[in-house]
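Just below is one structure, and these are the notes that go with it.
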Amino acid sequence: MKLTVAAAPIRIGNKSAAVNGDRVAGGFRLFVPVDDLCAAGAPFDDSFRQLLLEAGMAVITPPSAAEPGAADGLRRTVGFWGLMFVSLGSIIGSGWLLGALGAAEVAGPASLLSWILAGAMLAVLALIHAELGAAYPIAGGTARFPHFAFGTLASFTAGWAAWLQSVTIAPIEVEASISYLSSTKWAKQHLVMLHTNGTLNATGFGVASVLMLLFTIINLAGAKLLSDSNSVMVIWKTLVPVLTVVVLITLSFRFSNFHAGGGFVPYGAHGIFAALPAGVVFALQGFEQAIQMAGEAKDPQRDISRAVIAAMIVGTTVYILLEICFVGSLNPANLVHGWKAPVTKGDFGPYATLATAAGAGWLAAILYIDAFISPAGTGLVYVGTSARLSYALGEEEVLPSGLTKLTKSGVPIYSILLAFVIGEIAFLPFPSWQSLVGLVTSATAIMYAFAPVSLAALQNRDPDRLRPYHLPYPKVLAPIGFVSANLIIYWGGFEATWKILAAIFVGRVLFEIALQRSDTVRRTDIDWRAASWIWPWLIGMTLIGLLGRYGHGAHDVLPNWIDLLVVLAYSLVIFYWAVSLAMEPEKVREAVEAEVRHEQSQVELNTA
């Protein structure tokens, strides 16, 4: 039984410092913030540590006390604003420039409902991630939360899905930047980077490689430079959409557009749901990036949940306003025959086109600049976060341990270089933005789905864990979060689902190879029972997609609305089954404590 002791004072002379500790089997562990001790006049050195040891207490410096400048661990240098901007910068990327157009083509004016629905579903998932990230503030958290609840195999599957999603977003954003640049008159005359079908030519590949290399260099410089450089970009990226909304609504807003071209819901509920994987979810995803960098947060327990929630609120609000602005500012003549082509076909800068038509050429110029900066900023973030995911998988010893090697700046050098290499390779089979968005959305949903089951399992198996943020109504919202993730997978279509399933199977083969070669991880160490729900879940969702109504290859066997009820019922069965299979409390505590010991050993090296 674990007893938490809060804010116990330790006196040094006539001053005191706050102390937090917990009583565990075998003694009392005392967590002393180093800054408080120093402020109270304590020399935090070996003699002071020995003094506490003689009093029967072991001092373990908390992660927030890590000193920058050491080379033996991820450096905790990123504060609330840096974390918030990392998440917000991931949310506001190329999606804001293309998401509204794609959603309107699929759902018409009802695309506004698509954004609201997606925002609500992802908000639930964001709140779930906020509790997990604050309770378990470690680098690459999305890959490691399932490890605590379901063991190594679950951790690898979640981490592999997260890595597939993350490592391909940087090249997608680079391609978006190049596409937007290519749509300008200057680029058409002086710097042709695309073939006539919109894919990269040799020049475009060269420019894309330079951008990927720039992202890599910034990430290698360290998390502090990453968060600082990203913060500047995010301020710009947030102000430009807000300015666009204000200007276009003022100059050219038409309420009549919301019932033009077949009415408010021209394609029915199917169109509303189909819009989510057509760019809506892709635009809104990214809130978890603050959690991936938890290992470099100054005060993760306090800042992570706040950063995730704040980024999600700002991002969702901006996107809903943008969709209202976009639909209301369209030329009514383009909507006479429906919503299949609300702007000129092949237009990579629809907001710039609307600004020009409204007589705001200055805004169009800003938008073309932002059409490069926004995707580039998101790509910068994802090179870093994908590297931290592979770092986490290396920590779990299911990928080569070399991925955990750190530079003197405290960043995972080989993980970052791997992200660069995979990004370069991705340009070849997926040479356009549109070719990867649906796949990335499905991979994102699979990654997100692990969080609700992990949270429910850990609340049952690790109930005494300090949780600075608590998910409201967890017994309701955790299942809703899992159902939401599965609905996004289903709406993404059968073709996307089976391709992601195939990619995860490749990862499973790699896992087996790593298992055979590992000196420390053995098959007997893996809790196969705890992870036994994963493949039935994924295969079942693929079969439902085959029988469903979305995407190429779907057989349209399940009737309208019945298909959603099937997804709902199947999701709840899998959710409660998975929670019941979680590892025993002793194993959960061992997994968490092993991770804590590892993190603390890195910190103690930093402060030695």
Side-chain angles (χ1 to χ4, degrees), residues 125 128-129 131-133 135-136 138 140-164 288 291-292 389 392-399 443 445-463 465 467 471 474-475 478-479 481-483 485-486 489 501 504-505 507-508 510-512 514-515 518 520-541 570-596 598:
L125 290 164
I128 291 168
H129 279 80
E131 176 170 334
L132 286 169
Y136 306 94
I138 52 177
T142 53
R144 295 164 104 168
F145 302 145
H147 174 73
F148 299 149
F150 303 105
T152 302
L153 181 57
S155 172
F156 178 80
T157 306
W160 184 254
W163 187 74
L164 287 173
E288 76 284 354
I291 296 170
Q292 311 293 29
L389 282 166
L393 291 172
E395 285 290 312
E396 300 296 344
E397 300 182 82
V398 292
L399 282 182
I446 291 173
M447 173 187 73
Y448 286 164
F450 277 95
V453 289
S454 296
L455 177 62
L458 290 170
Q459 285 180 335
N460 290 334
R461 301 296 202 267
D462 191 25
R465 170 69 43 182
R467 300 178 188 275
L471 175 73
K475 293 187 182 300
F482 189 69
V483 171
N486 282 305
I489 294 170
L501 183 67
I504 293 176
F505 178 77
R508 179 65 180 84
L510 294 177
F511 174 84
E512 192 65 33
L515 191 62
S518 175
T520 56
V521 180
R522 299 178 298 274
R523 295 186 66 85
T524 54
D525 297 329
I526 297 174
D527 195 323
W528 298 96
R529 177 180 178 275
S532 62
W533 61 274
I534 296 175
W535 279 100
W537 163 50
L538 294 174
I539 294 173
M541 287 303 303
Y570 186 73
S571 299
L572 292 176
V573 169
I574 293 294
F575 177 85
Y576 291 110
W577 181 40
V579 172
S580 71
L581 292 176
M583 295 191 301
E584 294 302 317
E586 295 76 14
K587 289 186 176 181
V588 171
R589 284 194 292 271
E590 288 175 4
V592 174
E593 288 172 3
E595 182 61 41
V596 170
H598 174 76

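Values below: every heavy atom of this structure, side chains too, minus hydrogens, waters and symmetry copies. The first residue of the sequence shown is numbered 1, and numbering continues consecutively from there.
- Under the 4.5 Å side-chain criterion, counting only non-hydrogen atoms from C-beta, Arg465 is in contact with Val592.
- Minimum heavy-atom separation, Pro452 to Gly481: CG-C, 3.7 Å.
- Atoms CD and CG, on Glu584 and Asp527 in that order, are 8.5 Å from each other to the nearest 0.5 Å.
- Of the inter-residue distances, the one linking Arg508 atom CZ with Leu538 atom CG reads 12.5 Å to the nearest 0.5 angstrom.
- Ring pair Phe575/Phe482 is tilted by interplanar angle, where 30° to 60° counts as tilted.
- When every heavy atom of Pro474 is checked against every heavy atom of Pro479, the shortest pair comes out as O-CD, 3.7 Å.
- Counting only heavy atoms from C-beta outward, the side chains of Arg529 and Leu581 approach each other to under 4.5 Å.
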**Message:** Could you walk me through whether Trp537 and Val453 satisfy the side chain to side chain contact (heavy atoms under 4.5 Å, CB included) test, starting with their C-alpha distance in whole Å, then the side-chain angles of each, then the deciding distance to 0.1 Å, before giving a yes or no?
**Reply:** CA-CA 12 Å; Trp537 163 50; Val453 289; over 6 Å; no
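- Ile504 has its side chain within reach of Trp535: a pair of non-hydrogen atoms, C-beta onward, lies under 4.5 Å apart.
- Between the side chain of Arg461 and the main chain of Ala149, no donor-acceptor pair closer than 3.5 Å is present.
- The CD1 atom of Ile446 sits 13.5 Å away from the CH2 atom of Trp160 when rounded to the nearest 0.5 Å.
- Taking CG of Leu471 as the start and CD of Gln459 as the end, the distance is 7.0 Å to the nearest 0.5 Å.
- Between the CH2 atom in Trp163 and the CE atom in Met447 there is a gap of 14.5 Å [rounded to 0.5 Å].
- The aromatic rings of Phe156 and Phe511 sit tilted, their planes meeting at an angle between 30° and 60°.
- Between Glu131 and Arg467 there is a side-chain heavy-atom pair separated by less than 4.5 Å.
- For the residue pair Ile489 and Ala445, the shortest heavy atom distance occurs at CG1-CB, 3.4 Å.
- Taken from CH2 in Trp528 to OG1 in Thr152, the straight-line distance is 9.5 Å, to the nearest 0.5 Å.
- With contacts defined as side-chain heavy-atom distances shorter than 4.5 Å, the pair Asn486/Val483 does not qualify.
- Aromatic ring centres of Trp533 and Phe150: separated by under 6.0 Å.
- Under the side-chain contact (heavy atoms from CB on, under 4.5 Å) rule, Val579 has a single partner from Leu455, Asn460, Leu458, which is Asn460.
- Each of Tyr136, Tyr448, Phe450 was scored for a ring-ring contact (aromatic ring centres under 6.0 Å, His included) with His129, with one residue passing: Tyr448.
- The minimum heavy-atom distance linking Ala582 with Ala457 is given by the pair CB-CB, 3.6 Å.
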